[in-house]
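What follows is one structure encoded as structure tokens, with my remarks underneath.
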Amino acid sequence: MTEEKHVLSIIVDNEPGVLSRIAGLFSGRGFNIESLCVAETTEPLVSRITLVTTGEPPIIEQIEKQLNKLINVVKVHDLTGTEFVHREMALIKVMAKAEHRAEILRIVDIFRCKVVDVSLDHYTIEVTGDEGKMKAILNLLKPIGIKEIAKTGIIALIREAR
Amino acid sequence: MKLTGAQIMMKVLKEEGVDTIFGYPGGAVIDIYDELERTDIRHILVRQEACAVHAADGYARAGGRTGVCLVTSGPGATNTVTGIASAYMDSIPVVIFTGQVPTHLIGNDAFQEVDTVGITRPCTKHNYLVKRTEDLARIIKEAFLIASSGRPGPVLIDIPKNVSANTIDYKAPKKNKLKSYKPTYSPNVKQLQRVAEMIKDSQKPLIFAGGGVILSKASKELTELARKAQIPLTASLMGLGGFPGTDPLWLGMIGMHGTYRSNMSTGECDLMIGIGVRFDDRVTGKTDAFAPKAKIVHIDIDPTSIRKNIPVTVPVVGDCKITLALLNKLLDKEDLGDLKKKRKKWFDQIDHWKSTSPQTYNQKDVIKPQYVVDKLYELTKGEAIITTEVGQNQMWAAQYYHFDKPNHFITSGGLGCMGFGLPAAIGAQLACPDKLVVDVAGDGSIQMNIQEMTTAIQCGLPVKVVILNNGHLGMVRQWQQLFFDKRYAATCLDCAPDFVKLAEAYGAVGLRATKPEEVVPVLKKGLFSKKTVIMDFVVEKEECVYPMVPAGAPVTEMLLV
Ligand SMILES: Cc1ncc(C[n+]2csc(CCOP(=O)(O)OP(=O)(O)O)c2C)c(N)n1
Ligand SMILES: [Mg+2]
């Protein structure tokens with residue numbers, strides 16, 4: 001069996017301690033967390049967690065069942081295998097010496113990113129996109145020199161029928 | 001109505017039908033104790049908090065209801081962890097109330113503060129920290145619902161001191177806040193129809209029953225199924241008593257210390273029906289080699305149990321009792337033909353296994369532990385409630401006491417927690433005052449919670465402790481004998497108390513047998529006494545539990561006597 005990557009969208013009670021129940025479940029049972037994103041929804045009583053995990057199919061099945069077993073988990077959607085949109089955002093601080101500035105701005109332009117902070121020797125760039133786009137821009141910026149990076153992890157929603 | 005948190009707690013406990021609480025007081029629960037004292041709820045003062053949970057566990061199992069505990073913050077709470085973990089592994093409904101420091105001190109490393117909810121999160125079905133007195137009633141009601149429904153389990157409620165002391169204008173909670181908690185009780189009928197057909201077609205079926213049968217009170221339905229469809233039956237340690245242990249269809253326990261024929265049957269069956277089980281590693285041995293020729297049906301109320309450890313042909317999520325009742329009805333509609341004839345070869349094979357390696361021992365000059373359990377069974381006519389400690393004593397109790405009825409065998413199965421038997425016996429005796437309750441103990445385990453003798457004496461409980469005294473931590477010694485060239489590291493207990501004198505010091509009766517001919521007289525005297533009794537049986541030091549499947553080996557590869 002081969003490992004698969006799955007994006008889970010989990011609706012949970014918006015209560016203290018819920019995140020540690022989920023994190024504890026994953027660490028206690030040796031499941032993987034590749035990324036995890038939590039925020040409130042428009043309904044104040046619940047939050048949405050978008051969690052990316054990898055595992056062989058029986059493990060993914062266990063993960064879903066174990067999540068559903070938690071009292072504070074309202075609903076688990078396995079988005080993988082369905083039509084869904086997903087985005088990740090990154091803030092990338094690149095070294096921006098005079099000789100590189102034009103090149104960086106070109107990349108920013110091509111990838112439709114934004115420069116959100118500037119100093120004498122760096123730019124901070126805001127990028128939004130899927131995994132492929134993230135990889136591509138990082139590959140281009142790496143040779144120029146990345147000082148720091150912060151990523152949100154994936155957030156995702158099911159696509160509605162057209 | 002103006003009520004304090006403690007008063008609200010008592011009110012809701014009464015509404016939930018609680019009549020007994022096992023506990024130990026302290027500063028953080030002093031308001032609750034003050035209120036408890038004024039109710040007619042019986043409080044049992046244990047002598048160590050883990051035992052409050054073990055006793056509540058025994059009470060729950062023997063009485064078929066939810067057990068309740070109350071302890072203080074900090075060390076009171078941490079002491080309960082072993083008991084909670086044991087109840088969790090065995091899916092026993094227990095509600096544990098722990099005191100906590102006042103809300104304004106939480107997080108300050110206050111005196112006797114621990115993060116109880118954090119510590120117990122992985123070993124409870126659910127837990128709560130109550131931050132407002134207004135939430136207390138609803139949370140207690142939710143806790144009792146969660147503990148006792150679906151796959152049962154322990155639920156802990158952490159109550160800060162000010163939450164129990166505060167007075168509020170009490171309004172009964174209208175409804176709970178559980179948004180999605182809906183255990184699946186009724187199975188998918190189509191799946192069950194497949195099962196019925198598989199049963200009909202099978203030449204060599206085998207039922208493997210577990211603790212779920214006992215928890216869902218499905219013994220009657222299980223017995224009907226096995227007899228109607230002529231299916232031989234084995235069970236896990238937790239399933240003992242779910243099916244009559246004296247029935248001709250009964251093969252004995254499965255797994256590491258299961259009978260030869262049970263384990264061999266798993267290797268040959270063409271259909272295995274797992275009912276209320278979780279295919280634990282002590283049962284399956286090497287999973288790849290488990291039931292290699294069988295289609296596997298797995299009936300369980302907890303979806304996570306299914307396909308966790310082994311692949312399954314037909315999964316059925318549902319309550320054992322409801323599912324089996326339905327399956328029996330479906331089978332009534334099938335023309336099953338002459339099953340006895342159809343399965344003759346299978347039954348002949350099983351009989352052959354039985355005669356090649358029966359479960360037996362050889363009683364000579366030194367008392368054999370198996371002999372003690374054998375005689376215990378005879379003298380009590382199989383009617384006693386047996387609790388156990390952990391180790392060889394537990395396995396011999398499981399092998400040589402034949403349980404015909406559910407709720408009569410109470411053991412720490414999943415956690416395998418030494419020190420469980422005596423407090424569990426106390427709980428069982430309180431739930432069933434007219435029953436004979438016997439803790440089959442080892443000389444090691446009994447010393448883990450021997451202080452509970454005082455609890456038994458104080459409450460006038462005539463529990464009996466049968467110590468199979470082999471002078472060793474016998475089960476570990478057995479592994480050292482078999483797999484570590486007899487290097488008995490730290491397993492010799494030659495420095496031990498005199499259990500007879502110890503019994504007397506506690507105000508109980510102490511008896512001892514050192515020769516085989518003393519076994520029956522001591523048992524007769526001890527068992528039929530109205531007092532709390534410790535019987536110390538000085539048994540063969542290096543006896544081993546057989547058959548044995550070495551850890552990780554296929555269950556069909558057993559070490560025999
Ligand atoms: C709390 C706890 N500690 C350690 C163990 C490991 N252990 C399993 S069986 C056993 C020996 C038990 O000795 P005894 O109570 O004398 O029983 P016997 O096997 O001799 O019948 C030990 C130490 C355990 N199960 N539980
Ligand atoms: Mg011993």
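Note that the structure is predicted; figures quoted are calculated from it, not measured. We use all heavy atoms of the structure for the numbers below, so side chains are in, but hydrogens, waters and symmetry mates are not. Sequence lines set the chain letters: A, B, ... in the order given, protein chains first and strands last, and positions in each chain run from 1.
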Q. With only heavy atoms counted, which part of A:Leu45 is less than 4.5 Å from chain B, the side chain, the backbone, both or neither?
A. both

Q | Distance-minimising heavy-atom pair for B:Lys131 and A:Pro16 | A | NZ-CG, 3.7 Å

(Q) So does A:Lys75 get a backbone contact from the side chain of B:Lys179, meaning a donor-acceptor N/O pair under 3.5 Å? (A) no

Q: Under 4.5 Å heavy-atom distance to chain A, tell me which part of B:Asn127 shows up: side chain, backbone, both or neither.
A: both

Q) Picking from A:Gly24, A:Ser20, A:Gly28, which has the most non-hydrogen pairs under 4.5 angstrom with chain B? A) A:Ser20

Q) For B:Pro303, is it the side chain, the backbone, both or neither that has a heavy atom under 4.5 Å from a heavy atom of chain A? A) both

Q: Check the pair B:His126, A:Arg21 against side-chain contact (heavy atoms from CB on, under 4.5 Å), reporting the backbone distance first and the verdict last.
A: CA-CA 10 Å; B:His126 195 51; A:Arg21 288 183 202 278; 3.7 Å; yes

**Q.** Partner chain B: residue of A:Leu70, A:Asn72, A:Leu25, A:Asn68 with the largest heavy-atom pair count (under 4.5 Å)
**A.** A:Asn72

**Q.** Whether over 12 other heavy atoms sit under 6.0 Å from A:Ile155 CD1
**A.** no

Q: For B:Asn108, look at atom CG and say whether over 12 heavy atoms of other residues, nucleotides or ligands are found less than 6.0 Å away.
A: yes

Q. More than 12 heavy atoms of other residues, nucleotides or ligands under 6.0 Å from CD of A:Glu83: is that the case?
A. no

Q) Is there a donor-acceptor contact under 3.5 Å from the side chain of A:Gln62 to the main chain of B:Thr304? A) yes

Q. Are B:Ile306 and A:Lys65 close enough that some pair of their side-chain heavy atoms sits under 4.5 Å apart?
A. yes

(Q) As an exercise, state the distance from CD of A:Gln66 to NZ of B:Lys308, rounded to the nearest 0.5 Å. (A) 6.5 Å

Q) Checking heavy atoms, do the side chain of A:Val46, its backbone, both or neither come under 4.5 Å from chain B? A) side chain

Q | B:Leu129, part contacting chain A, at a heavy-atom distance under 4.5 Å | A | neither

Q. Taking everything shown except A:Glu34 itself, do over 12 heavy atoms lie less than 6.0 Å from its CD?
A. yes

(Q) Would you compute the distance between atom CD1 of A:Ile71 and atom CG of B:Leu178 and round it to the nearest 0.5 angstrom? (A) 6.5 Å

Q | Top of A:Glu15, A:Lys69, A:Glu64 for chain B proximity - count of heavy-atom pairs under 4.5 angstrom | A | A:Lys69

Q. Got more than 12 heavy atoms from elsewhere within 6.0 Å of NZ, B:Lys295?
A. no

Q) Within a radius of less than 6.0 Å around CD of A:Glu160, do more than 12 heavy atoms belonging to other residues, nucleotides or ligands occur? A) no

